[in-house]
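The block underneath contains the structure these notes are about, expressed in structure tokens.
All values below were derived from every heavy atom in this structure, side-chain atoms included, with hydrogens, water molecules and symmetry-related copies excluded. Whatever order the structure lists them in is the order used to number ligands and atoms, beginning at 1. No experiment lies behind these values; they were computed from the predicted model shown.
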Amino acid sequence: MDCIFCAIMNREIPGDIVYEDEKVLAFRDIMKQAPEHVLIIPKRHIESLLEAKEEDAALLGHMLLTAKKLAKELGIAETGFRAVFNTGSDGGQSVMHLHLHLLGGRSLGWPPG
Ligand code: AMP
């Protein structure tokens, strides 16, 4: 399978990894959209939120709690942050390996473009 995020996880291509445990990997987005922009991915390849199943509930929860933990560590918890799953073409998903964007460090606009 040709997946760029699996390649980062397997250290086949470089990534600016900020966190790893047995279930997830987090690394800095290569085209950051905010002063802090981290992607949190499950180690198991799941294409998108649409492919997630009931048995993935704990994994999805763990991804969100990892976002909270990293927000604190990166110093953006107090000022606020956004955690978002882009899904499908209208959702702006460009990499078909589930990922949670964690963005912060500036005031983020709403609604998104
Ligand atoms: P999305 O468009 O929601 O699928 O998000 C995919 C994100 O992956 C984009 O923000 C890209 O900038 C980011 N990205 C793509 N390739 C890499 C890479 N090699 N290392 C880090 N981030 C990447």
Side-chain angles (χ1 to χ4, degrees):
M1 189 173 14
D2 205 14
C3 170
I4 196 161
F5 288 177
C6 286
I8 291 172
M9 180 180 71
N10 295 327
R11 274 63 173 182
E12 290 160 7
I13 62 167
D16 188 356
I17 293 169
V18 296
Y19 178 78
E20 181 171 25
D21 64 25
E22 70 282 358
K23 294 192 191 112
V24 300
L25 183 78
F27 51 91
R28 288 201 161 83
D29 196 295
I30 205 166
M31 283 182 55
K32 69 177 184 177
Q33 303 298 325
E36 292 293 354
H37 186 175
V38 167
L39 303 172
I40 300 155
I41 67 164
K43 288 193 164 176
R44 183 160 55 80
H45 185 94
I46 300 171
E47 283 208 346
S48 78
L49 191 56
L50 208 53
E51 306 302 321
K53 299 186 170 58
E54 196 59 38
E55 53 264 36
D56 298 320
L59 177 61
L60 294 170
H62 183 66
M63 290 173 73
L64 286 165
L65 290 172
T66 300
K68 181 188 85 166
K69 173 188 164 72
L70 291 178
K72 288 183 176 176
E73 287 180 11
L74 295 170
I76 56 172
E78 294 302 316
T79 43
F81 58 89
R82 189 169 294 163
V84 62
F85 289 104
N86 292 335
T87 306
S89 57
D90 277 2
Q93 184 176 5
S94 62
V95 177
M96 296 309 286
H97 182 134
L98 180 66
H99 49 282
L100 180 60
H101 291 261
L102 169 64
L103 300 129
R106 68 170 171 85
S107 181
L108 299 164
W110 191 266

If we ignore hydrogens and angles and just use 3.5 Å, is the side chain of N10 paired with the main-chain N or O of E12 as donor and acceptor? no
Looking only at protein heavy atoms, what sits closest to atom 21 (C) of ligand 1 is I30 N, 3.3 Å
At under 4.0 Å between heavy atoms, which part of I8 makes contact with ligand 1: side chain, backbone, both or neither? side chain
Answer yes or no: is there an ion pair linking R82 with E36, defined by an N-O contact shorter than 4.0 Å? no
Reported CZ-to-CG distance for the pair R28 and D16, which is rounded to 0.5 angstrom: 5.0 Å
Between CG on residue L59 and CD1 on residue I46, distance to nearest 0.5 Å: 5.0 Å
I need the atoms of ligand 1 closer than 4.0 Å to a non-hydrogen atom of R28, numbered in the order shown. 21 (C)
Within-shell test, Q33 vs ligand 1, heavy atom, strictly < 4.0 Å: no
Kindly assign one of parallel, tilted or perpendicular to the pair H37 and H101, based on the angle between their ring planes and the thresholds 30° and 60°. tilted
Could you give me the CA-CA distance, side-chain angles and deciding distance for F81 and L102, then say whether side chain to side chain contact (heavy atoms under 4.5 Å, CB included) is met? CA-CA 7 Å; F81 58 89; L102 169 64; 3.5 Å; yes
Would you mind running through ligand 1 and noting each atom that sits below 4.0 Å from a heavy atom of G92? 1 (P), 2 (O), 3 (O)
Would you tell me whether D21 and H62 have side-chain atoms, one donor and one acceptor, within less than 3.5 Å of each other? yes
Nearest non-hydrogen protein atom, atom 4 (O) of ligand 1: S94 N, 2.6 Å
Ligand 1 to L39 polar contact by distance, N or O atoms, under 3.5 Å: no
Would you say H101 contacts ligand 1, with heavy atoms under 4.0 Å as the rule? yes
Output a table of donor-acceptor pairs, distance under 3.5 Å, between side-chain atoms of residues 49-57 and any protein atom two or more places apart or on a different chain; print 'none' if there are none.
residue, atom, partner, partner atom, Å
D56, OD1, R44, NH2, 2.5
D56, OD2, K53, N, 2.8

For atom 5 (O) of ligand 1, the protein heavy atom that lies nearest, with its residue and separation: H99 NE2, 2.9 Å
Any nitrogen or oxygen of D29 lying under 3.5 Å from a nitrogen or oxygen in ligand 1? Just yes or no. yes
Sub-4.0 Å heavy-atom contact, M96 with ligand 1: no
Is F5 in contact with ligand 1, taking contact as a heavy-atom separation below 4.0 Å? yes
Does ligand 1 have an atom under 4.0 Å from some heavy atom of V84? no
